[in-house]
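What follows is a set of notes on a single structure, which appears directly below.
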Amino acid sequence: MYLPNTAGRRRTTILFLAPSMIGLIVFCLIPMISSLVYSFMDYDLLEGNMTYIGFRNFERILTGREFPKVLVHTLTYLGLYLPLILITSVSEALILNKSFRGRGIFRAVFYTPVITSWVAAAVVWTWVLSGKYGLLNQLLAAVGITGPSWLNSPDWAMPGVVIAAVWKDTGYYALMVLAALKSIDPTYYEAASIDGASSWRRFRSITLPLLSPTLFLLIVINVIYGLQVFDSVLIMTNGGPGGATSVFLERIYKYAFKQYKMGMASAYSWLLFIMIFVLTVIQFRLQKKWVNYDA
Amino acid sequence: MKKLIALVLSLVLVLTAVYTAVADPVTITYAHFSGAGAQEETLKKMIEAFEAKNPDIKVDLQITGFDDYFTKLATTVGGNNATDCFEMNMENYLAYMLRGACADLTGLVDTANYSEGTLNAVSSDGKLYAVPMSFSTCVLFYNKALFDQAGIAYPTADWTWADAQKAAEAIKALGDDIWGYYQPITYNEFYKSVKGNGGSLLNDDYTAFTVNSPENVAVLDAMISRVRGENHVMPTSEEMAGRGDWDLFCEGKLGMIITGIWGFSTFAEKCAFDWDIVVEPGYATPSTFFFANVNCVSPDSDKKEAAAKFIDAMGSDPDIVQLRLDASWELPTVADQNKLAQYLEVTPPANRAAVFDSMDFAAAPPALKESGAASEIINNILSTLELNEMTAQEALDAIQAELEDANLL
């Protein structure tokens, strides 16, 4: 941290930093360190007493039947969510970047899901995804497809949650992509048009490379958020049916507040942290191969 | 100047302390869930009645809906920040009591006012850990119109599941979206129902799970057959299509439903047909729920006596009991049966006595410290049975293996 030389200035700097530093220490740093300590303890939330048990919590999680399933479910979510959210947010941004009548209304409509609470959205989506009478299956039926019983089926519950999440999040990321699109110099497109480049070619050779820093950011934060998927799962399926949508945070929440096993919950949290950390480091290593900061 | 300010401040502090000690009543905090929603006004009247009689105690009520209540409570208890007293349902009471989160109330409460059965439920090793407040149960509600339409006799207290199944099939035959029976395949329904066939989830001394015993398999098999096959009598969640079980009954599309007596006022208001209740049939013999809401005092509270006085009044003060009866809000746990006579007079249902008859067949939930984890494992597999082809034996074998693996005993 940079601190000025004179004592008076130093005091002022510390004073101005204090409110956010105190918040950060009390609500982030202390809980993080505590949870690391708890992960090595047998700690029952209600009893309150802690016993040091070394790596037993981690051992129990990693050798249990549950962990591989939770890992697969979480990665399935991420595997479906990430490509879909990238495609939908870039497409939406491309549409909103065109000038047409009523663009303002469209922007508002596209952004509404973002500010809707997950609880309200989940209730609506449980109706939309209902097998027999749901809107989605009615639409599928119109083109001759018999839709599954989304949230009640172990195979289709996760895709159902992903569809709802993509609907909810697209507006937010589209806004980020839109901002990046606006910053692309139009003269590139003019030059390309003069050279006779098709619209696909302009997209592939100008738009995509110049969007790559934003896309990289989207991928990094969506991997982080995707691995931490929670509210949508808890409200729409509660980890069911039959544990088919049990994911990391859902397990952490249930260990901590339904079974009162804070040690197990903390160990789960740190395993998740390690996963996110490793994946993020890998992404930063790989970015050199495809991200273009020349613009 | 500084001295003067210090003097004035000290004076203010001393005066405040003296004033607090002399004039201020003790304020106790009370966390509560069962009054959230429809009975909030009744609850507030009960507290007013208590405060009127005890001017030295003020109650700071903190109501939270059932869905969030226990998460919030666990956090406050874990953070040594629990309210002075808090409401508990029976399942969670055991988990809390076994973890030492409920104060010993022996000697602080006059136990003579409570029925013996409910006192036993909240005592352990001769010590009292909670004060009973209210109780309720589930019964079989049936739609008389659908029974008449199907030309079959109304259910009686000596019915078994086989009788109910026959009636349910006759009612199902009345139409596509008409259903015979509703009893979901869940942990609660399962532990209760197996008792009606002499089964249980654990052996007597709680050293081993006995989930896949032949008695339990027979019960689960009967439950599954209600939702599977061409002419299944109970709607699957798919066929419920987002409608609640109560909605289905009130719409006249459900012949029989096993549900709580807290549904009386809703059904009386919403059902346009005649309905009544009977003790719920068991697999071979009746087995029923006994739900009780009790109040506990936090071991960390420094106002234990005031808190105990308050929760004692919530369970036995005549005026508070009367408020509960007037509002038909579950049943008070008082020993004096005359107080309950008023409850029986209100109709529908005509056969209210079935509520008390049900108590004779109550199946207690397994008193397991890790009941939360056990019920999750059991529910996870039971909830998929209406969708897959797993047999009762396969399902219970899988549950048994997972429970043994989870190391819960």
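The structure displayed is predicted, hence computed values, not measured ones. First the proteins, then the strands, lettered A, B, ... as listed; each starts at 1.
Each of Gly100(B), Ser237(B), Ala406(B), Ala82(B) has some count of heavy-atom pairs under 4.5 Å with chain A, and the biggest count is that of Ser237(B). Your options are Ile381(B), Thr384(B), Asp405(B), Val77(B), and the one with the most heavy-atom pairs under 4.5 Å with chain A is Asp405(B). Between chain A and the residues Gly372(B), Ala101(B), Ala373(B), Ala95(B), the largest count of heavy-atom pairs under 4.5 Å involves Ala373(B). Among the candidates Arg60(A), Arg65(A), Lys261(A), the residue making the largest number of heavy-atom pairs closer than 4.5 Å to chain B is Arg65(A). With chain B as the partner, the residue from Ser149(A), Pro241(A), Gly239(A) showing the most heavy-atom pairs under 4.5 Å is Ser149(A).
Interface residue Leu98(B): only backbone heavy atoms are found under 4.5 Å from chain A. When heavy atoms are compared at a cutoff of 4.5 Å, Tyr255(A) does not approach chain B at all. There is no contact between Ala398(B) and chain A, counting heavy-atom distances below 4.5 Å. Within the 4.5 angstrom heavy-atom criterion, no atom of Thr126(A) approaches chain B. Looking at Ile378(B), there are no atoms closer than 4.5 Å to chain A (heavy atoms on both sides), in backbone or side chain. Only the side chain of Asn92(B) comes within less than 4.5 Å of a heavy atom in chain A; its backbone stays farther off.
With contacts defined as side-chain heavy-atom distances shorter than 4.5 Å, the pair Glu66(A)/Glu402(B) does not qualify.
Closest heavy-atom contact between Gly242(A) and Ser383(B): N-OG, 3.5 Å.
At most 12 non-hydrogen atoms from other residues, nucleotides or ligands lie less than 6.0 angstrom from OH of Tyr172(A). Within 6.0 Å of CZ on Phe55(A) lie no more than 12 heavy atoms contributed by other residues, nucleotides or ligands. Annotation for Arg228(B): atom CZ counts as buried by contact number, over 12 foreign heavy atoms lying within 6.0 Å. Surrounding CH2 of Trp246(B) are more than 12 heavy atoms belonging to other residues, nucleotides or ligands, all under 6.0 Å away. The 12-atom threshold is exceeded at CZ of Phe67(A), counting heavy atoms of other residues, nucleotides or ligands nearer than 6.0 Å.
A distance of 4.0 Å separates OH of Tyr260(A) from OH of Tyr96(B), quoted to the nearest 0.5 Å. The NZ atom of Lys258(A) sits 12.0 Å away from atom OG of Ser371(B), with the distance rounded to the nearest 0.5 Å. Here the CD-NZ distance, from Glu376(B) to Lys254(A), works out to 5.0 Å after rounding to the nearest 0.5 Å.
Checked against Arg99(B) for a side-chain contact (heavy atoms from CB on, under 4.5 Å), the options Asp44(A), Asn49(A), Leu45(A) give a single hit: Asp44(A).
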